[in-house]
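The shown structure was predicted, so the numbers you read here are calculated from the model rather than taken from an experiment. Proteins come first, then strands; the chains are lettered A, B, ... in the order of their sequence lines, and each starts at number 1.
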Protein chains: 2
Amino acid sequence: MTRTKARGYHHGDLREALVASGRKLLEEKGIRGFTLRECARRAEVSHAAPAHHFASMDDLLAELVRRGFAELTAAMTAEVQRVEDEPAARLVGLGVGYMAFAAANPTLFQLMFSREANRIELKEGDEGAEGVRRLQAAVVDEVLAHASGELRQRAADFAWASMHGFITLVLEGEIGGRDSSRALKTRGLAALAAMAETVVRLARS
Amino acid sequence: MTRTKARGYHHGDLREALVASGRKLLEEKGIRGFTLRECARRAEVSHAAPAHHFASMDDLLAELVRRGFAELTAAMTAEVQRVEDEPAARLVGLGVGYMAFAAANPTLFQLMFSREANRIELKEGDEGAEGVRRLQAAVVDEVLAHASGELRQRAADFAWASMHGFITLVLEGEIGGRDSSRALKTRGLAALAAMAETVVRLARS
DNA sequence: GTTTAATCTTGACGATGGAAAGAGGCCAAA
DNA sequence: TTTGGCCTCTTTCCATCGTCAAGATTAAAC
């Protein structure tokens with residue numbers, strides 16, 4: 001951000017610049033419109049320069065996905081920590097953080113959850129969505145502390161599935177049409193409330 | 001399928017051949033590995049031949065998506081009609097048909113629900129997921145016949161979201177890991193049961 | 001049977017991802 | 001401070017891609 005021009009032969013921090021321009025490009029042009037050469041162009045560097053920082057285009061995409069998961073986990077954590085109320089409300093907060101990230105980074109979010117269809121393989125040691133899963137399981141367990149492992153798994157499955165499905169359908173315009181704005185928030189909160197109630201109900205069965 | 005070789009200058013039914021090879025290719029190579037030239041190659045036709053049947057590669061992809069939605073609707077309808085039981089069971093059946101199609105056509109399914117991220121625009125008059133929505137709303141209304149419009153919408157949102165989210169996470173390996181086979185069916189049915197129960201409970205509130 | 005229109009092929013263009021080889025500059029060891 | 005090595009970046013090249021234009025071939029219409 002600070003450096004503007006008058007750089008020498010070396011860029012200085014090309015790796016970060018590529019990540020930044022790549023992320024913007026992804027949202028601008030979509031998954032299939034993403035181009036390594038355009039990333040290089042925006043970083044004001046020759047088209048072959050990225051090769052010294054990323055083995056391939058898919059390698060850069062994998063890095064974007066990796067950082068996306070880290071951010072998503074952070075967003076959920078922040079939102080949960082703001083809620084000191086009962087566990088059910090914390091479950092809703094979890095979903096709010098999840099949906100807020102997805103709404104702010106729609107294309108990246110879709111890429112993060114269509115790695116199979118896009119043949120994007122994470123690097124060894126990359127946790128992927130594991131952080132999300134752990135955080136979610138922890139909050140679900142606040143409600144189902146003394147339940148069986150199977151029940152807790154079912155509740156976690158269900159909680160993740162319903163919030164993931166809702167925001168996905170919203171991003172596609174299947175829920176709420178084109179205006180994914182205010183009218184949507186009420187429907188989203190209603191869906192999260194129904195999800196939380198269901199988890200609570202599972203705890204009582 | 002019937003014609004094997006010895007075709008003349010004209011193919012006979014290139015449009016259908018491209019749809020067929022395209023669909024296979026999509027599952028084989030993934031969304032970003034999809035190539036118009038490879039489709040043509042598999043149909044044993046020159047690389048420029050598809051242009052006479054599809055204006056562009058995206059046009060062919062849009063056609064695959066269109067047919068996917070038609071098939072998905074048909075699969076759901078067939079599964080629902082097999083269930084004559086109570087509405088809640090029919091709701092589960094709906095989800096079974098949905099998930100069965102997605103499991104059998106994972107890449108196409110992901111493409112159908114990431115059109116925004118992949119910049120795939122349907123043609124004018126193409127209903128997209130409208131058939132799915134209508135069918136789903138009808139079955140949900142069997143449970144919520146005498147409820148308010150807003151409540152029925154919330155229930156429909158929630159039902160679709162939870163079954164869509166579950167199968168999506170399964171296809172990505174986030175639920176059930178690599179073996180999306182038997183152990184998964186029990187978890188999938190559990191999720192669908194929880195969804196149906198929630199809808200029924202909404203009817204009583 | 002002739003004309004017309006649709007279908008398919010060939011060839012070309014610009015853009016892409018990637019590989020190879022060389023130029024430029026940083027930095028540590030002398 | 002000089003020098004040698006290594007990392008970074010550029011240039012050039014290649015195969016492949018989607019798309020376009022022009023011509024060849026055949027089916028269909030008249």
Side-chain angles (χ1 to χ4, degrees), chain A residues 3-26 28-65 107 111 115 118-121 123, chain B residues 3-26 28-65 107 111 115 118-121 123:
Chain A
R3 53 170 311 287
T4 51
K5 54 179 65 176
R7 76 163 166 88
Y9 194 90
H10 289 75
H11 180 285
D13 198 3
L14 182 53
R15 179 170 239 269
E16 288 305 313
L18 288 171
V19 167
S21 64
R23 189 158 168 174
K24 254 184 209 161
L25 183 61
L26 189 63
E28 275 180 35
K29 306 287 186 183
I31 297 176
R32 285 167 39 249
F34 185 88
T35 272
L36 199 52
R37 283 170 116 105
E38 178 64 21
C39 284
R41 238 170 268 135
R42 296 187 178 198
E44 292 174 357
V45 125
S46 86
H47 67 264
H52 297 272
H53 300 273
F54 300 98
S56 66
M57 186 178 73
D58 285 25
D59 195 37
L60 172 52
L61 286 176
E63 175 67 10
L64 293 179
V65 164
T107 312
L111 184 64
R115 315 202 292 285
N118 280 293
R119 302 291 190 276
I120 291 182
E121 308 192 359
K123 283 185 185 165
Chain B
R3 53 173 308 290
T4 52
K5 55 176 68 175
R7 77 162 164 91
Y9 194 89
H10 289 76
H11 180 285
D13 198 4
L14 181 55
R15 179 170 237 270
E16 288 306 312
L18 288 172
V19 167
S21 64
R23 188 157 169 175
K24 255 186 206 158
L25 184 61
L26 188 64
E28 276 180 34
K29 306 287 184 181
I31 296 176
R32 283 168 38 252
F34 186 89
T35 271
L36 199 53
R37 283 170 115 107
E38 178 65 21
C39 284
R41 240 171 265 134
R42 295 188 179 198
E44 292 174 354
V45 123
S46 88
H47 67 264
H52 297 272
H53 300 273
F54 299 98
S56 67
M57 187 179 73
D58 285 24
D59 196 36
L60 172 52
L61 286 175
E63 175 67 11
L64 293 178
V65 165
T107 312
L111 184 64
R115 316 202 293 284
N118 281 293
R119 303 292 190 274
I120 291 182
E121 308 191 1
K123 284 185 187 167

Task: Whole-Å distance separating the CZ atom of Arg32(B) from the P atom of dT16(C) - done: 15 Å
TODO: Give a yes or no answer on whether the side chain of Arg37(B) reaches the backbone of His47(B) with a donor-acceptor pair at less than 3.5 Å.
DONE: no
Open item on the list: If I take atom CZ in residue Phe34(A) and atom C1' in nucleotide dC17(D), what distance separates them, rounded to the nearest angstrom?
Closed with: 18 Å
Open item on the list: Rounded to whole Å, please give me the gap between CG in Leu36(A) and C1' in dA19(C).
Closed with: 14 Å
Task: Enclosure of Glu28(B) CD (heavy-atom neighbours >12, cutoff 6.0 Å) - done: yes
TODO: Check whether the side chain of His52(B) and the base of dC8(C) form a donor-acceptor pair under 3.5 Å.
DONE: yes
Open item on the list: Output the rounded distance in Å from CZ (Arg37(A)) to P (dG14(C)).
Closed with: 14 Å
Open item on the list: Between dT12(D) and His47(A), counting only base atoms on the nucleotide and side-chain atoms on the residue, is there a donor-acceptor pair under 3.5 Å?
Closed with: yes
Open item on the list: From CG of Asp13(B) over to P of dT26(D), roughly how many Å is that when rounded to an integer?
Closed with: 19 Å
TODO: Output the single nucleotide from dT10(D), dT9(C), dG18(C) whose closest atom is nearest the side chain of Met57(A).
DONE: dG18(C)
Open item on the list: Applying a 4.0 Å non-hydrogen cut-off, can you work out what Thr35(B) is touching in the nucleic acid: base, sugar-phosphate, or nothing?
Closed with: sugar-phosphate
TODO: Count the heavy atoms belonging to other residues, nucleotides or ligands that lie under 6.0 Å from CD of Glu16(A), then report whether that count exceeds 12.
DONE: yes
Open item on the list: Quick check: closest heavy atoms across Ser21(B) and Cys39(B), and the distance to 0.1 Å?
Closed with: OG-O, 3.4 Å
Task: Whole angstrom value for the distance that separates C1' of dT10(D) from CD of Glu44(A) - done: 15 Å
TODO: Would you indicate, yes or no, if dC9(D) has its OP1 or OP2 atom less than 4.0 angstrom from a side-chain nitrogen or oxygen of His53(A)?
DONE: yes
Open item on the list: Using OP1 and OP2 only, check whether a side-chain N or O of Arg41(B) sits under 4.0 Å from dT16(D).
Closed with: no
Task: Distance, rounded to the nearest Å, where Leu14(B) contributes CG and dT9(C) contributes C1' - done: 12 Å
Task: Check against side chain to side chain contact (heavy atoms under 4.5 Å, CB included), Lys123(B) and Asp59(B) - done: CA-CA 8 Å; Lys123(B) 284 185 187 167; Asp59(B) 196 36; 3.0 Å; yes
- [ ] Specify the separation, in whole Å, of atom CG of Asp59(B) and atom P of dC20(D).
- [x] 12 Å
- [ ] Would you mind telling me which residue lines up with the more 5' stretch of DNA chain C, Ala55(A) or Ala48(B), judged by nearest nucleotide?
- [x] Ala48(B)
